[in-house]
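Inspection log for the structure reproduced underneath, given as structure tokens.
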Amino acid sequence: MTSQEIRQKFLDYFKSKGHLIVPSAPIVLKDDPTLMFSNSGMTQFKDFFLGYKTPTAPRIADTQKCLRVSGKHNDLDDVGRDTYHHTMFEMLGNWSFGDYFKKDAIAFAWELLTEVYGIPKENLYVTIFEGDASENLDRDQDAYDFWKSHISEDRIINGNKKDNFWEMGASGPCGPCSEIHVDLRTPEEKAKISGLELVNNDHPQVVEVWNLVFMEFNRKADGSLEKLPAQHVDTGMGFERLCMALQGKSSNYDTDVFTPLIAKVEELSGKKYTGVLEDEKDIAIRVVVDHIRAVSFAIADGQLPSNGGAGYVIRRILRRGISYSYRFLDMKEPFLYKLVAVLQEQMGAFFPELEKQGNLVTEVIKSEEESFLNKIENGLIRISNIIKDTQSKGETIVPGNLIFELYDTHGFPADLSRIIAEEKGLTIDEQGFDEEMAKQKERSRGDSEQKVYDWVTLEERDENFVGYDQIEAETYITRYRKVENKDGEFYQVVLSNSPFYPEGGGQVGDKGVLENATESFEVLETKKENGLIISLINGLPKDAGAVFYAKVNATDRKNSQANHSVTHLLHEALREVLGTHVEQKGSYVGPDYLRFDFSHFNKMTEEELALVEEKVNHKIKESIALQEFRNIPIQEAIDKGAMALFGEKYGDSVRMIQFGSSKELCGGTHVKNTSEIGHFKITSESSAAAGIRRIEAISGDKSDEYFKNLEKQVIELSQLLKSKDVVRSIEKLIEENTSLKSEIEAFKKEKAKGEIGDWKNAYEQKGDKQLLVKKTSLDAGSVKDLVFQLKKEIPTSVTIILSNADDKPMITVGVSDDLAASYQAGAIVKDLAKEIQGGGGGNPGFATAGGKNLDGLENAYQKALNI
């Protein structure tokens with residue numbers, strides 16, 4: 001039976017029992033403050049158990065991608081060294097939310113394992129909760145009674161609270177559980193020792209395959225238990241272990257879940273996998289095929305490797321795989337990325353995200369490999385020598401200064417040094433490392449504008465963003481680091497509950513205060529770095545571990561989110577007015593204004609801008625309530641018409657912001673109702689780049705200020721015009737001004753007509769040619785008209801007019817057509833313009849020049865007389 005068939009049989013069986021089959025939730029959790037990754041099948045159903053949401057069906061079944069590499073459930077160090085631990089694994093599960101309970105859950109499990117899958121009954125053992133006097137919990141007699149109708153009583157084993165009482169966490173739903181164990185040993189091995197003695201004793205062939213959890217209690221914050229209003233069933237069966245049992249293998253890695261990947265590694269590395277537990281080569285192959293699954297699914301679900309948070313976990317897993325392949329498989333070039341295609345072929349049909357994101361996954365892994373391999377070769381040799389030297393001295397702590405030298409001089413990652421040291425049973429002198437780091441930073445003081453110190457961790461707490469729902473929060477500083485720049489000394493802090501929105505998605509980071517009863521600090525900015533929300537404050541608290549109150553600058557937040565919400569409305573309006581080719585290409589959203597870049601090839605007309613404004617303001621006036629979908633499958637969001645924004649990386653689960661027909665995937669903060677935006681006003685439209693237009697606009701308080709200023713100007717104009725009808729008064733002024741201009745132009749023409757006669761008589765005969773050099777105060781337009789008239793009427797003539805109209809020197813030259821071949825107007829004016837510190841030009845028959853030196857007109861006049 002193939003792994004694909006095993007998975008499908010599970011789902012088909014529970015579908016026949018009235019269960020709704022749902023897809024796996026993303027392995028990467030975006031909105032859960034307690035977890036980075038799904039670490040069990042029930043993670044996506046937590047809200048159902050807690051009563052926060054109504055179940056989509058009373059019976060559900062699925063297979064859930066899980067990752068256990070951090071916190072309480074951390075299997076990373078065991079991966080590769082045994083046959084059944086994994087970082088990423090599938091958890092097959094069936095759930096009942098207030099529907100069936102112990103009897104049916106036990107019956108379903110037994111029927112599926114023994115009749116559908118055909119596991120021999122004599123190979124199975126079950127455990128039940130033996131009770132706990134300290135909690136006033138009795139033995140789970142109901143489970144025992146239900147089990148004995150299926151299995152002999154000598155195969156039902158009492159289990160203690162550690163093994164048979166399942167809890168979600170320090171508080172929350174919990175209850176007794178029954179584990180099903182399978183004995184995969186040979187008959188000869190079974191004859192030597194009973195499986196009863198090996199259950200829950202970490203035997204590699206006597207393993208737990210399924211856990212049936214009976215949720216009937218709620219663990220309160222004070223540690224006490226109370227009965228839940230409804231009883232639930234939460235089961236989890238390890239898919240890889242089930243495949244091992246059904247395919248008759250003694251190791252998960254011998255099943256077809258892993259053999260195609262192992263075969264590809266053998267092909268690429270030239271190393272043969274033998275399955276020996278202690279063989280470093282085989283350990284490396286197991287590490288590689290396990291880790292490539294974890295990393296690929298995490299990236300496909302939207303978590304890129306980085307230096308912090310969930311991204312750091314993924315990078316560490318990947319680097320662990322690269323390290324093992326480098327050291328024990330002699331793989332000096334990137335190759336893990338070539339395994340992605342095999343994984344797609346294996347699992348892409350059931351997990352379509354692998355197909356859709358395959359190119360991204362491949363390229364990210366290849367890039368990470370290239371980057372890491374550049375640092376790893378020399379570093380591995382050096383760290384190996386350091387460790388050997390440490391061990392030869394009988395010591396267990398590697399000197400921190402040597403690890404720092406490896407990091408600082410040779411670029412070898414300190415986290416890999418820690419991994420390698422831990423594998424050899426050693427630890428790193430962290431204090432010594434930190435001291436060397438501090439010395440190095442002291443030496444480099446002044447080399448850069450900003451100096452950032454190492455993080456100081458105060459206490460392990462969840463680091464949670466609460467800013468969607470509140471702008472004030474009780475919080476703790478979980479870590480801090482000092483920052484020095486040209487403005488002084490500051491501290492970056494990470495808060496357990498931060499209402500401060502970190503700069504991202506075009507929106508600026510929040511400012512505000514962090515205070516308690518004794519201290520207050522200004523929050524100057526908030527940014528996101530490697531998954532951490534970091535706020536910059538202007539000092540370090542005396543008691544950094546105390547409780548604080550984080551308060552966002554409410555005015556700035558209000559205006560920023562008004563501007564952010566209006567960008568969504570603007571985007572929609574632009575597509576309606578200009579066409580669906582419009583796509584967002586960047587944005588800036590701050591409290592003062594917004595900037596929106598979009599694809600469009602033409603400058604927008606005034607009519608188009610006015611129509612866009614009108615459409616946006618119409619939506620504002622409609623008072624459309626915000627519809628926020630914080631955890632919606634991306635395909636469902638796209639199906640609903642959501643637009644994915646430029647530059648954003650989305651996983652399977654997204655946050656969708658909807659204002660009526662406007663639907664976008666967005667992580668920013670928004671108004672609760674469009675009426676809060678107030679008014680929208682476009683202040684400019686320009687080109688940002690080829691094919692990209694840019695709109696700048698205002699809303700909220702800034703829009704109010706804009707219109708108040710307009711009102712003030714209107715009042716002042718009204719007072720100046722001594723009229724309440726400003727428009728009519730200005731129209732009247734324009735009419736009067738136009739009339740006066742006409743009269744002036746007529747006067748100028750009359751004046752010019754009066755002078756042209758005198759000018760005609762003023763030409764001097766120069767041989768067989770005529771020259772006129774004349775000073776005037778006529779404006780440039782009048783002079784031009786006169787010169788064109790004269791050069792037509794006066795043959796063989798050169799006309800030079802020097803004007804001082806409006807106290808600006810101007811020289812105009814006209815050459816009659818019959819002299820154009822001999823005398824160039826442009827050359828003449830260029831020569832004369834030197835006297836007025838100017839320049840100009842034209843054609844052979846007419847040219848002009850302006851200048852800066854009004855007094856130079858006299859020199860130009862004398863020079864012109866000698867032409």
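Along the sequence shown, residues carry numbers from 1. On a predicted model such as this, the values are computed, not experimentally measured, just so you know.
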Give a yes or no answer on whether the side chain of H86 reaches the backbone of M88 with a donor-acceptor pair at less than 3.5 Å.
no
Close side-chain approach of I314 and V28, heavy atoms under 4.5 Å
no
Kindly confirm or rule out a cation-pi arrangement of R241 over F239, judged by NZ or CZ under 6.0 Å from the six-membered ring centre and within 45° of its axis?
no
D254 side chain near M244 side chain, heavy-atom distance below 4.5 Å:
no
Between D99 and R59, does any side-chain N to carboxylate O distance fall below 4.0 Å?
yes
For a 4.5 angstrom cut-off between non-hydrogen side-chain atoms, does I285 reach Y253?
no
Could you report the tightest heavy-atom contact between I151 and L124, atom names first, then the distance?
CD1-O, 3.5 Å
OH (Y125) and CD1 (I156) are apart, to the nearest 0.5 Å, by 13.0 Å
State, with a plain yes or no, whether a side-chain heavy atom of F297 is found less than 4.5 Å away from one of E353.
yes
Do you know the tightest heavy-atom contact between W210 and G236?
CD1-O, 3.2 Å
Interatomic spacing from OG in S323 to CD1 in I419 - rounded to 0.5 Å
7.0 Å
With no hydrogens and no angle check, just 3.5 Å: does a side-chain donor-acceptor pair link E197 and N201?
no
Looking at side-chain heavy atoms only, is the closest gap between F129 and L137 below 4.5 Å?
yes
Validation row: S325, L336 side chains within 4.5 angstrom (heavy atoms)
yes
Over 60° means perpendicular and under 30° means parallel, so classify the ring planes of F45 and W95, tilted if in between.
tilted
Can you tell me if E369 uses its side chain to pair, donor with acceptor, with the backbone of I322 under 3.5 Å?
no
Can a donor-acceptor pair be found, under 3.5 Å and without considering hydrogens, that links the side chain of Q231 to the backbone of F214?
no
Over all atoms of both residues, closest heavy-atom pair of R219 and F165:
NH2-CE2, 4.2 Å
Heavy-atom count check: over 12 atoms from other residues, nucleotides or ligands less than 6.0 Å from K281 NZ?
yes
Under 6.0 Å from the NZ atom of K227, do we count more than 12 heavy atoms belonging to anything else shown?
yes
With no hydrogens and no angle check, do the side chains of T186 and E189 hold a donor and an acceptor under 3.5 Å apart?
yes
Using a cut-off of 6.0 Å, state whether more than 12 heavy atoms not belonging to K148 lie near its atom NZ.
yes
Classify the side-chain pair E368/Y337 by whether it contains a donor and acceptor separated by less than 3.5 Å.
no
From CG (D183) to CD (E122), nearest 0.5 Å:
10.0 Å
Closest heavy-atom pair, V340 versus S296, reported as atoms and distance to 0.1 Å, is CG2-OG, 3.9 Å
Side chains of N164 and E130 only: does a donor on one sit below 3.5 Å from an acceptor on the other?
no
K17 bridged to E111 by N-O distance under 4.0 Å:
yes
Is the shortest side-chain heavy-atom distance between M347 and R7 below 4.5 Å?
yes
Could you tell me whether R293 and D290 have a side-chain N and a carboxylate O separated by less than 4.0 Å?
no
Determine, for E345 against K264, whether the closest basic-nitrogen to carboxylate-oxygen distance falls under 4.0 angstrom.
no
Rounded to the nearest 0.5 Å, what's the gap from CD1 on I106 to OH on Y144? Could you check?
12.5 Å
Note, D163 side chain near T127 side chain (heavy atom, < 4.5 Å)
no
Taking all non-hydrogen atoms of both residues into account, name the closest pair between R286 and L277 and its distance.
NH2-O, 3.1 Å
Strictly below 4.0 Å, N to O, side chains only: are E216 and K102 in salt-bridge contact?
yes
First locate atom CG of D234, then atom CD1 of I60, and finally report the distance between them rounded to the nearest 0.5 Å.
11.5 Å
What are the two closest heavy atoms between Q247 and D256, and how far apart are they?
NE2-OD1, 2.9 Å
For F108 and H19, take the angle between the two ring planes, folded into 0 to 90°, and tell me which bin it lands in: parallel under 30, tilted 30 to 60, perpendicular over 60.
perpendicular
